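This report refers to the structure that appears directly beneath it.
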Amino acid sequence: MALRDIVKIGQENLRKKSKPVRDFDENLWELLDDMKQTMHQNDGMGLAAPQVAVLRRVVIVEVNGDFIELINPEIISQKGEDIEEEGCLSVGNFRGRVKRPYYITVKAYDRYGYQFTLQGEKWLARCICHEIDHLDGILFVDKSLDKDKYLKQGGKI
């Protein structure tokens, strides 16, 4: 395992759309292990591959002590609405309120290529949605209800 550098807002490729994972091999496993170590080292709750300069549809989340790897994730249903503050390792110290679904069902693959579905609510749903947005080049500041405050503080979009 190795620590990887976190790509910050304004740096290359953070806004690009990620490509699906096709090979469930040692390279993917190394990426996942490195992402976990990098996330823990930076006190994150989740991390998407584009945040470590890899444009693949890979995310990890850790909420309430549960660690989850999601390869090629796709939200297949969502319900409700929840507004809470979010932050991001790629954005820095700014935190802003974002409206997300309260409850989601996501379809994904594990590191070995086995498909599964996962249901999550509140923080787990929020964290998964946040990380999946990264795979499409979307940052929480794009959706933040406090976007004006962020821009006034000199934030980059």
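All of these numbers come straight from a predicted model, not from anything done at the bench.
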### Query
Angle class for the Phe94/Tyr150 ring planes (parallel below 30°, perpendicular above 60°, tilted otherwise)?
tilted
### Name of the residue among Arg15, Lys16, Gln11 meeting side-chain hydrogen bond (donor to acceptor under 3.5 Å, both in side chains) with Asn13
Lys16
For [Y], is there any backbone N or O sitting under 3.5 Å from a side-chain donor or acceptor partner on [X]?
X      : Y      : value
Glu74  : Lys107 : no
Asp146 : Arg97  : yes
Asn42  : Gly44  : no
Ser90  : Gln51  : no
Asn64  : Asp66  : no
Asp82  : Lys122 : no

Between [Y] and [X], is there a side-chain heavy-atom distance shorter than 4.5 Å?
X      : Y      : value
Val106 : Ile132 : yes
His40  : Glu62  : yes
Leu139 : Ile9   : yes
Arg57  : Asp136 : yes
Met39  : Met35  : no
Asp133 : Asp142 : no

Pairwise distance [atom1]([X]) to [atom2]([Y]) - rounded to 0.5 angstrom:
X      : Y      : atom1 : atom2 : answer
Phe116 : Tyr109 : CZ    : OH    : 10.5 Å
Glu121 : Tyr102 : CD    : OH    : 4.5 Å
Ile68  : Glu131 : CD1   : CD    : 11.5 Å
Gln119 : Ser77  : CD    : OG    : 7.0 Å
Arg4   : Gln41  : CZ    : CD    : 15.0 Å

### Query
Going through the distances and angles, do Ile128 and Leu118 end up as a side chain to side chain contact (heavy atoms under 4.5 Å, CB included)?
CA-CA 10 Å; Ile128 290 170; Leu118 173 71; 3.8 Å; yes
### Query
Hey, mind stepping through Arg111 and Asp33 against salt bridge (Lys or Arg N to Asp or Glu O under 4.0 Å) and telling me if it holds?
CA-CA 10 Å; Arg111 67 170 49 212; Asp33 293 342; 2.8 Å; yes
### Message
Could you go through Lys152 and Lys149, starting from their C-alpha distance and side-chain angles, then the distance that decides it, and tell me whether this counts as side chain to side chain contact (heavy atoms under 4.5 Å, CB included)?
### Response
CA-CA 5 Å; Lys152 285 179 185 175; Lys149 179 180 165 187; 5.8 Å; no
Taking all heavy atoms of [X] and all of [Y], pick out the closest pair and write down the distance.
X      : Y      : value
Ile104 : Cys129 : CG2-SG, 3.9 Å
Phe24  : Ile71  : CE2-CG2, 3.6 Å
Val98  : Arg126 : O-NH1, 3.0 Å
Ile83  : Leu145 : CG2-CD1, 3.8 Å
Leu28  : Asp23  : CB-O, 3.9 Å
Pro73  : Leu135 : CG-CD1, 3.7 Å

Do the side chains of [X] and [Y] join up, straight or via other hydrophobic residues, at under 4.5 Å, putting them in one cluster?
X      : Y      : result
Val59  : Trp123 : yes
Leu14  : Leu89  : no
Leu124 : Ile75  : yes
Leu70  : Ile76  : no
Leu151 : Val141 : yes

#### Entry: Partner of Glu86 by salt bridge (charged side-chain N to carboxylate O under 4.0 Å, His left out), out of Arg95, Lys143, Lys99, Arg100
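That would be Arg100.
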More than 12 non-hydrogen atoms from neighbouring residues, nucleotides or ligands closer than 6.0 Å to [atom1] on [X], yes or no?
X     : atom1 : value
Glu12 : CD    : no
Lys8  : NZ    : yes
Glu84 : CD    : yes

### Message
Name the residue from Ile60, Leu32, Val61 that meets the side-chain contact (heavy atoms from CB on, under 4.5 Å) definition with Leu47.
### Response
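It is Ile60; the other options fail the test.
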